[in-house]
Amino acid sequence: MMYTIIDVETSGTSNRITEISIFKYDGKQIVDEFTSLVNPEVIIPVYITSLTGIDNVMVANAPTFSEIAADVLAITEDTTFVAHNVNFDYNVIRNEFKALDIDFNRKKLCTIRLSRKLIPGHKSYSLGKLCAALHIDIVGRHRARGDAEATVVLFEMLLQKEGSETVFNDFLKKTSKEATLPSHLPTSVFNNLSDKAGIYYFKNKKGTILYIGKAKNIKKRVLSHFYSKTQKSLDLCRETSDIDFELSGSELIAFLMEDAAIKQHYPEFNVVSKRAPKAYAIFSYEDRKGITHLAYNTLKATPNAMQTFSTIADCRQYLEKMCTEFELCPKFCHLQEAVTQCSHYKITTCKGVCCDNETVSDYNTRVTAAITCITESKQDLVLKQKGRNSHEEAFVLIKNNVYLGYGFLDKSEQINTPEDLENFLIPQKDNLDVQKILRTSLRA
């Protein structure tokens, strides 16, 4: 079998190649080599230069990747692509080819994953620390040729280990996940993931939570992260060393568990979800003519909020419903602005308070009824859910429209009233994200 053992240096955030080194290896010796600086066509940040020594002057007259693409294709053709943390180098190169409308596909082997299997017990499997432990000299650390040459020596060692043929063949099988899993993630961790509903935690080697997700099938959803080629997924997988999970029983409780966990841990890769959503609210006020208005604004700017929503569109939709149901005026519900009298395209139930065809007193009577409906339309709900196993049931508890939390109980438990459920409740905080989750579930 022929291998190409590869290392690339990149420009950092944009992940454009600044240097590439490829050693073609037949299992016994190096038979060819291709090494070149590469003009990334972007500015190389100072912190990358301090790490690799490659600066903008060095690559100014170097060939672009498009100019060396044919060489890379030729030397890697009909070979197995080998690298230390293979998914990083492979995806960087594949993305460079993708920008040229060239499909790049090679079998892959990762020397980190191979090392974990064939030489277990090391504290670190980073190239520098592993080579130091194995007494492999690296001439030019963090330069493509130096790192690739050291990886060749490591690869030779791995080939000579007892049982290596079986391990290599297993890793190269189409059904194997070894080339897909993050380099620092033990296969046993992935194999132990559940195929049931719940939430999962991606963690780095220090145990810090990097990302929290939810799924109907945890194992399947986690695997999808490894197949994703977005920059966020690549960065996440490169740092992942462990994955933990919690079962939820149902998808709804998984949503609720995920929201609570993100707000507790604020993981680095949950940027959108951990932002505090902007809240909006409906309130009432009386103008100089004595007409009672229904209006909306941000929650912070709303006096005596009657209902809260996550978007202005939700506020307007709710007010449209109130307008129709209680025959209110769209103008005085702030669904139309800067008009002398209402002319709403959808709401035609106004009795004419805006054009003096109805008394303020009669109009306000209906507004008061609407306000009463808004403020008193509180409800207690118990949402029964599937348990985490066949002997269990789950529930979500809502009182006076306030989410109290979720819980699990054995099917043999005697429950006569909603209050009995509180003994099994796992208390949670209510918030706009939770309200949105519950509204979506109730509409389904």
Side-chain angles (χ1 to χ4, degrees), residues 1-8 22-31 72-73 75-95 97-98 102-122 125 127 130 148 151-195 200 202 215 217-230 233-234 236-238 240-243 245:
M1 183 178 288
M2 196 69 73
Y3 307 93
T4 39
I5 300 167
I6 301 170
D7 187 82
V8 297
I22 304 172
F23 287 92
K24 195 169 187 176
Y25 181 73
D26 65 3
K28 294 180 180 179
Q29 61 185 351
I30 295 168
V31 296
V72 176
L73 283 172
I75 196 171
T76 61
E77 188 175 5
D78 296 325
T79 71
T80 297
F81 187 113
V82 180
H84 206 69
N85 190 5
V86 70
N87 286 330
F88 174 76
D89 299 82
Y90 184 84
N91 284 313
V92 166
I93 291 174
R94 189 165 73 167
N95 285 339
F97 277 113
K98 187 176 180 181
I102 298 172
D103 192 23
F104 181 80
N105 282 297
R106 302 289 186 266
K107 290 182 179 180
K108 294 182 290 180
L109 282 174
C110 179
T111 50
I112 292 181
R113 301 198 67 79
L114 288 168
S115 297
R116 284 183 177 278
K117 190 76 173 179
L118 292 167
I119 45 175
H122 289 272
Y125 285 85
L127 185 62
L130 189 59
T151 305
V152 170
V153 179
L154 173 61
F155 191 69
E156 286 178 321
M157 284 187 177
L158 294 170
L159 279 171
Q160 293 164 16
K161 289 291 178 180
E162 185 179 350
S164 63
E165 185 177 350
T166 301
V167 171
F168 273 59
N169 288 335
D170 286 346
F171 276 38
L172 286 169
K173 286 178 182 176
K174 287 185 178 180
T175 55
S176 173
K177 300 290 188 298
E178 292 293 344
T180 305
L181 300 182
S183 298
H184 299 289
L185 181 71
T187 308
S188 59
V189 171
F190 175 77
N191 290 338
N192 288 333
L193 293 176
S194 174
D195 58 3
Y200 53 92
F202 279 57
N217 182 321
I218 293 171
K219 196 170 196 173
K220 188 176 180 180
R221 180 69 184 94
V222 166
L223 187 61
S224 72
H225 286 283
F226 307 150
Y227 283 118
S228 173
K229 303 308 174 190
T230 66
S233 291
L234 294 174
L236 172 61
C237 291
R238 191 161 63 248
T240 298
S241 297
D242 190 18
I243 301 174
F245 67 91

Quiz item: Any side-chain heavy atom of Cys237 sitting closer than 4.5 Å to one from Asn87?
Solution: no
Quiz item: Atom OG1 in Thr240, atom CZ in Phe226: separation rounded to 0.5 Å?
Solution: 6.5 Å
Practice problem: Please examine the side chains of Leu109 and Val86, heavy atoms only from C-beta on, and report whether any two atoms are closer than 4.5 Å. | Solution: no
Quiz item: Taking the side chain as C-beta and beyond, is there a heavy-atom pair between Met2 and Asp78 under 4.5 Å?
Solution: no
Quiz item: Are the side chains of Asp170 and Lys117 in touch, meaning some heavy atoms are under 4.5 Å apart?
Solution: no
Quiz item: Which atom pair, heavy atoms only, marks the closest approach of Thr4 to Ile75?
Solution: CG2-O, 3.2 Å
Practice problem: Could you tell me the separation between the CE atom of Met1 and the CZ atom of Phe168, rounded to the nearest 0.5 Å? | Solution: 9.5 Å
Quiz item: Of the non-hydrogen atoms in Arg106 and Thr76, which two are nearest, and what is the gap between them?
Solution: NE-O, 3.1 Å
Quiz prompt | Atom pair NE2/SG of His184 and Cys110 - distance to nearest 0.5 Å | solution = 8.0 Å
Quiz item: Does NZ belonging to Lys219 count more than 12 external heavy atoms closer than 6.0 Å?
Solution: yes
Practice problem: Indicate whether any N or O donor in one side chain lies under 3.5 Å from an N or O acceptor in the other, for Thr187 and Arg113. | Solution: yes
Quiz prompt | Minimum-distance pair of heavy atoms, taken over all atoms of Ile243 and Leu193 | solution = CG2-CD2, 3.8 Å
Quiz item: Tyr200 and Ala215: which non-hydrogen atoms are nearest, and at how many Å?
Solution: CE2-CB, 4.2 Å
Self-check item: Derivation and outcome, side chain to side chain contact (heavy atoms under 4.5 Å, CB included), residues Leu159 and Tyr3
Solution: CA-CA 12 Å; Leu159 279 171; Tyr3 307 93; 4.2 Å; yes
Exercise. Please work out whether the ring planes of Tyr90 and Phe104 are parallel, tilted or perpendicular, with thresholds of 30° and 60°.
Key: tilted
Quiz item: In Å and rounded to the nearest 0.5 Å, what is the OG to CD1 distance from Ser164 to Ile119?
Solution: 11.5 Å
Exercise. Please assess Phe245 against Val222 for the test side chain to side chain contact (heavy atoms under 4.5 Å, CB included), listing each intermediate value before the final yes or no.
Key: CA-CA 10 Å; Phe245 67 91; Val222 166; over 6 Å; no
Exercise. Determine the minimum heavy-atom distance between Ile5 and Ala148, stating which atoms define it.
Key: CG2-O, 3.9 Å
Quiz item: Which word best sums up how the rings of Phe202 and His225 line up, parallel for under 30°, tilted for 30 to 60°, or perpendicular for over 60°?
Solution: perpendicular
Practice problem: Drop me the distance from Asp89's CG to Ile6's CD1, to the nearest 0.5 angstrom. | Solution: 7.5 Å
